Each structure stands twice: as C-alpha cells, then as structure tokens.
Amino acid sequence: MTVVDPETQAGWASEAEDDASHDADEMPLSLRLSIADTLTLGNATCGFMAVYFTTTGILIPHLQGSNESGMARHSAATAVILMLCAAVFDLFDGLVARKLRSSPMGAELDNLSDLISFGLAPAYFVLVYGMVADDAHQRVAAVGAIVVLLAVVLRLARFSCVTVKDGTFQGMPSPFGALTVVSIVLLELPFVATLLAIIGTAWLMVSRVEYPKPRGPLAVAMLAWIVAAMGLLAAWAFEAPGGQLLLQTGCALQLVLGAVIPLFATARRVNNFRDNRREARAAQLP
C-alpha cells in the first residue's frame, strides 16, 4: 500500500497550479483566441461543410447515376444555407471585434476563413454545376470556377494591403460576391448567360467600385436579407407551393442588388467630382 503525505501532496498540487498559472501568463497573445476569432472559425467550418454537402448530395449521386432529384435539391439548399451562415459569422465577428477585442491573428484568420467560405465553396459549387447541369460544359465551367476563386484570392490579398476610406470596401465584398455567384447558378439560366454573369461578378470583386460596409442599419438589413434567403431556400428544398418562384425571385433580387449598388457608387463619385470642381471654380473667382 502506498502512503501519501497530505502535506507533501498539497505542496505538489500548489506548485503545479502555480506552474500552470505561470504558463498561462506566459502564453503569447498571438495564441489566445478571442470571441471574435471563435466566430471566424465558425465561418470556416460552415464553408467546409458547404463543400461537403455539395459533394455528397449532388456530385456523388450524379456520378453514381442516381435520379433522386430531391436529395440534390436538399443538399444544394443546405450548402447555400451554410454559406449564408458563414456570412452571418463574418458579419458578427467584425461587430464583436470592434465592441470587444480581437487577437493579433484575427485578421489572418478572417482572410483564411473567407477564402474557404466565399472563395472555395462557391467556386466548387460552380464546378459541380458544370458537371451535373444538362446544358453545361464541364471544362468551361471549371474555368469559371477558377475565375471566381482567383478573384476572391486577389480581393482578400488586396484588402490586406490597400487602405481605403473608412466605411467602404473597394470592390464587391467576398460574402456578397459568393452569394451572387450561387444565386446565378440557382436561377438556372442558359449556360452562356450563367457563365458571363459569374465572370462579371468576379470582375466586380476585384474592381475599384466602392461598396458600403455593413454597419448600423445596413448590417441589420443585411442580416434580415440573409434570414429571408434561408427561408426561401428551405421553401424550395421542401417543395413548398410557390417555392421555386420565390427562390428565383430572391436570386434575381440578389443579382439586381449586385448591379445597382455599383451604379449608385459611380453616380455618387461623379456627383462628388462635380461638387469639387464647382468649389474649385468658386475659390478662383475674385
């Protein structure tokens, strides 16, 4: 039988606790995850699961010759809903980081998560669309998928290097671009029109067109739009009466927003340029 001295054991426990506390204090700040970082990791998880459902529910049944359209519909809706959830995580991690704090690696985590959820996931969705759609061309669709992925990569890299004025993004934000790309696919337009619209969206992501950041009322409006989109996808997946029409209406509205916002931004820039010229002329008058 082993005899343990209570006083010695207590001493060892106290020393172990002190060492653990000391190690925690010595942990580099770059290794400590904040609440915002946890939300960012939720973003990455949703993006990865979107790829999973696209593969297991759409691609694999197609390769096996399955004619079960309901499974593909449910899996497509689930994949897109996961991308929408990733957008919600992306929206809230920025809000939480501004209100509380973010770790030193928060910006890098955000870019890597965005690359998965809004670069890889929608590009893979386009690629699978090119493999399963009746009128699609697989190799051409693969080119469109690569264009989407590279556009997001370039946009995220530029975002880390370029400083723009507060309250705006330069180029279409990657979450908005990803949802626009997926909406184009779900609209089931002719293949050429689908491909051109996808390439146009990719161009907007790397363009210099200014987009407002989702803050205040705009963030609330964006969250409401995401929740409404989830409802439309659920109605479509479960074949609710009018679900197909509702989904197409929502996808079309997403495309209209993607096209109209740059027009408003361009008009505002032109008006600002005119106002500056008028002020300069007025200053030159005696």
Side-chain angles (χ1 to χ4, degrees), residues 50-51 53-55 57-84 118-152 171-172 174-207 209 225 228-229 232-263:
V51 173
F53 278 100
T54 303
T55 302
I58 303 176
L59 180 59
I60 292 179
H62 173 76
L63 295 177
Q64 293 176 343
S66 174
N67 295 322
E68 183 63 37
S69 60
M71 173 184 279
R73 184 186 292 257
H74 291 168
S75 298
T78 302
V80 179
I81 287 175
L82 284 166
M83 292 185 215
L84 290 167
F118 311 125
L120 176 62
Y124 187 70
F125 198 81
V126 172
L127 179 65
V128 173
Y129 154 75
M131 299 177 69
V132 304
D134 295 333
D135 64 336
H137 300 278
Q138 181 176 339
R139 294 182 180 179
V140 180
V143 173
I146 291 172
V147 169
V148 172
L149 180 63
L150 294 181
V152 175
M172 179 183 287
S174 52
F176 195 88
L179 299 181
T180 304
V181 167
V182 171
S183 297
I184 294 169
V185 174
L186 293 178
L187 270 176
E188 298 181 359
L189 299 171
F191 177 72
V192 174
T194 298
L195 185 65
L196 291 177
I198 288 173
I199 293 176
T201 304
W203 175 82
L204 283 174
M205 283 194 279
V206 297
S207 69
V209 177
W225 170 243
L232 294 177
L233 285 162
W236 172 69
F238 291 101
E239 300 183 3
Q244 180 74 22
L245 179 60
L246 288 173
L247 179 68
Q248 290 181 344
T249 302
C251 292
L253 183 57
Q254 177 74 27
L255 266 66
V256 170
L257 289 174
V260 167
I261 291 177
L263 294 178

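A quick note: this is a predicted structure, and the numbers were derived from the prediction, not measured. Numbers here are sequence positions counted from 1.
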Margin query: For Met172 and Thr201: C-alpha separation, side-chain torsions, deciding distance, then whether side-chain contact (heavy atoms from CB on, under 4.5 Å) applies.
Written below: CA-CA 8 Å; Met172 179 183 287; Thr201 304; 3.9 Å; yes
For this session: Mind running side-chain contact (heavy atoms from CB on, under 4.5 Å) on Tyr124 and Thr55 for me, showing each step along the way?
Result: CA-CA 9 Å; Tyr124 187 70; Thr55 302; 2.6 Å; yes
Given Phe125 and Leu186, is the side-chain contact (heavy atoms from CB on, under 4.5 Å) satisfied, shown in steps?
CA-CA 10 Å; Phe125 198 81; Leu186 293 178; 4.3 Å; yes
**Chi angles and distances behind the side-chain contact (heavy atoms from CB on, under 4.5 Å) call for Glu239, Arg73** = CA-CA 9 Å; Glu239 300 183 3; Arg73 184 186 292 257; 3.9 Å; yes
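Taking all atoms of both residues into account, the shortest heavy-atom contact from Gly144 to Leu195 is CA-CD1, 3.9 Å. The two atoms that bring Gly119 and Leu149 nearest to each other are C-CD1, 3.7 Å, heavy atoms only. Scanning both residues, Val51 and Ala121, for their nearest heavy atoms gives CG2-CA, 3.9 Å. Between Leu204 and Gly258 the shortest heavy-atom distance is CD1-O, 3.8 Å. Taking each heavy atom of Leu255 and Ser183 in turn, the nearest pair found is CD1-CB, 3.8 Å. Closest heavy-atom contact between Ala145 and Val126: N-CG1, 4.0 Å.
For the atom pair CD of Glu188 and CD of Gln244, the computed distance is 5.5 Å after rounding to the nearest 0.5 Å. Atoms CE and OG1, on Met83 and Thr78 in that order, are 11.0 Å from each other to the nearest 0.5 Å. Taking NE2 from His137 and CZ from Phe191, the interatomic distance works out to 5.5 Å, rounded to the nearest 0.5 Å. The structure places CG of Leu253 at 4.5 Å from CG of Leu257, a figure rounded to the nearest 0.5 Å. Atom CD of Gln254 and atom CD1 of Ile184 lie 9.0 Å apart (nearest 0.5 Å). The CH2 atom of Trp225 sits 9.5 Å away from the CG atom of Leu179 when rounded to the nearest 0.5 Å.
Using a 4.5 Å heavy-atom cutoff, the side chains of Val206 and Leu150 are not in contact.
Separation of the His74 and Phe53 ring centroids does not fall under the 6.0 Å cut-off.
Among Val185, Val182, Val147, the single residue meeting the side chain to side chain contact (heavy atoms under 4.5 Å, CB included) criterion with Ile198 is Val185.
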